[in-house]
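Working notes for the structure below.
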Amino acid sequence: MDAAESKNLPVVGMIGAGQLARMTHQAAIALGQSLRVLAADPGDPAALVCADVRPGAAVDLAALRAFSRGCSAVTFDHEGVPQENLRALVADGVAVHPEPGALLHAQDKLVMRRRLVELGIAVPPFAEVLEPGDVAAFLAEHGPSVLKAVRGGYDGRGVWMLDEPDAPLVAQLLAAGTPLMIEQRVAMRRELAALVARSPFGQASAWPVVETVQADGQCVQVLAPAPGLPEERAVQAQQLALRIAAELGVTGLLAVELFETDSGAVVVNELAMRPHNSGHWTIEGARTSQFEQHLRAVLDYPLGATTPTAPAVVMANVLGAAVPPVMGVDERMHHLFARFPDVKVHLYGKAERPARKVGHVTALGTDMAEVRVRAALAAEWLSTGEWSDGWSAHAGMREEANV
Ligand code: ADP
């Protein structure tokens with residue numbers, strides 16, 4: 001029996017020990033709990049900080065079974081948990097949230113799109129790809145498109161923009177056993193995300209709809225609320241996410257990634273059923289963070305209030321720089337705190353590698369444009385050790401003011 005069990009408080013087990021588990025652990029502490037994590041590597045972000053770390057991989061059913069024993073609920077911080085393993089846990093009587101049948105829609109892009117079509121929910125035109133000719137036929141009908149791995153893609157890996165049919169690429173991917181689909185490239189204004197939570201009891205809650213700013217297929221900033229999104233559209237997007245959560249039987253968090261098309265309509269791009277990068281802002285920016293809400297939801301506790309704490313909140317990811325900065329991260333933190341005492345920093349305990357998400361920063365305020373500049377400067381500084389607006393850390397002033 002571990003410490004939390006002995007206090008008669010629940011134990012949530014999270015399969016995976018990345019930064020999402022690390023931040024969920026932080027929320028668990030306040031609820032009197034300690035997250036149990038299944039860590040593939042002892043150096044994983046959550047394995048570095050949790051008290052209850054079980055070594056093992058999500059593909060190893062024996063490790064999953066041992067891990068789940070004594071857990072009040074089992075959930076995950078990534079989608080790479082084989083369906084058959086989750087179903088075996090359910091058959092053992094483990095409370096898996098979300099249940100495997102719901103999770104499948106976050107694991108398989110084709111299953112998800114077919115289901116949403118059945119529900120009458122808008123997705124871009126798409127087709128399964130079984131041979132290179134399928135891509136050529138789709139492009140002839142729909143123009144520039146996006147080839148996607150049906151399973152296992154993340155942060156733009158597993159996504160290929162195609163203007164022309166690229167038969168060698170498609171043949172190579174199929175030969176390697178990658179299931180593929182193709183989708184029309186959407187002419188869009190921007191990307192949005194609607195984050196909701198739903199408990200087994202059926203209670204649900206939604207945070208304000210956010211804009212997710214992308215670069216190189218990866219989210220770099222989240223603006224909460226999405227600037228200029230009419231109230232009516234925001235409510236529609238929240239209702240869409242709540243409906244998907246209810247229809248698919250999601251328990252825990254559901255992030256619905258959306259494209260806002262040039263005409264202002266929204267189409268669904270992707271579903272995630274776990275804490276999501278588009279919700280990191282809620283740690284400081286909402287009354288209840290996504291991490292606490294996920295725990296509440298999988299434990300069937302009543303959900304927390306999602307009210308924002310400021311009119312404008314911006315989260316910016318700290319990505320490993322292309323060229324590692326000469327200045328160590330500790331010194332970068334000193335300078336950041338000196339310049340922006342109000343910006344909150346979250347570092348994940350990961351080694352800095354190019355484009356790798358190693359942390360994030362959050363800034364709050366009243367004017368979105370101003371808050372965004374502050375968050376962007378802070379994240380860029382932590383990433384590269386350079387102030388892109390020419391601020392001189394040593395002089396404490398702008399360099400041009402020195403000449
Ligand atoms: P991942 O699973 O790697 O996050 P996504 O399917 O979300 O992959 O695609 C990554 C990014 O590629 C999206 O955030 C978006 O910027 C771009 N993208 C994906 N699908 C389309 C599309 N149909 N039209 C235009 N851009 C797209």
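Note that ligands are numbered from 1 as they come in the structure, with each ligand's atoms numbered from 1 the same way. Nothing here was measured: the structure is a model prediction, and the numbers come from that model.
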Problem set entry | Per-atom contacts, ligand 1 versus Gln184 - under 4.0 Å to a heavy atom | 22 (C), 23 (N), 24 (N)
For this session: Report yes if some N/O of Gly217 lies less than 3.5 Å from some N/O of ligand 1; otherwise report no.
Result: no
For this session: Indicate whether the side chain of Gln293 and that of Ser205 have a donor and an acceptor atom separated by less than 3.5 Å.
Result: yes
Exercise. Relative to atom 12 (O) of ligand 1, which among Gln214, Glu79, Met161 owns the nearest non-hydrogen atom?
Worked result: Met161
Problem set entry | NE2-CH2 distance between His335 and Trp387, expressed to the nearest 0.5 angstrom | 9.0 Å
Seminar exercise, completed: Counting from 1 in the order shown, the ligand 1 atoms closer than 4.0 Å to a non-hydrogen atom of Arg185 are 24 (N), 25 (C)
Problem set entry | Options Glu183, Glu191, Glu257, ranked by nearest heavy atom to atom 13 (C) of ligand 1, top entry | Glu191
Problem set entry | For Gln107, all residues meeting side chain to side chain donor-acceptor pair (under 3.5 Å), sequence neighbours excluded | Gln83
For this session: Check each atom of ligand 1 against the heavy atoms of Val146 and keep those under 4.0 Å away; list them by number with element.
Result: 21 (C), 22 (C), 23 (N), 24 (N)
Problem set entry | Side-chain H-bond candidate by donor/acceptor type, Lys148 with Asn269, under 3.5 Å | yes
Exercise. For residues Lys350 and Gln19, is any side-chain donor paired with an opposing acceptor at under 3.5 Å?
Worked result: yes
Exercise. For ligand 1, which atoms sit closer than 4.0 Å to a heavy atom of Met188?
Worked result: 25 (C), 26 (N)
Exercise. Given the rule in the side chain to side chain donor-acceptor pair (under 3.5 Å) test, do Gln26 and His346 qualify, once you have shown the distances and angles that lead to the verdict?
Worked result: CA-CA 11 Å; Gln26 221 167 351; His346 298 260; 4.7 Å; no
For this session: State the atoms of ligand 1, each with its element, that fall below the 4.0 Å cut-off from a heavy-atom position in Val159.
Result: 8 (O), 9 (O)
For this session: Could you list which atoms of ligand 1 come closer than 4.0 Å to a heavy atom of Lys148?
Result: 6 (O), 19 (C), 20 (N)
Problem set entry | For Arg287, all residues meeting side chain to side chain donor-acceptor pair (under 3.5 Å), sequence neighbours excluded | none
Exercise. Applying a 4.0 Å heavy-atom criterion (strictly less than), which segment of Asn269 is in contact with ligand 1: side chain, backbone, both, or neither?
Worked result: side chain
Exercise. Is the cationic atom of Arg332 (NZ for Lys, CZ for Arg) positioned less than 6.0 Å from the six-membered ring centroid of Trp381 and within 45 degrees of its normal?
Worked result: no
Exercise. Can a non-hydrogen atom of Lys109 be found less than 4.0 Å from any atom of ligand 1?
Worked result: yes
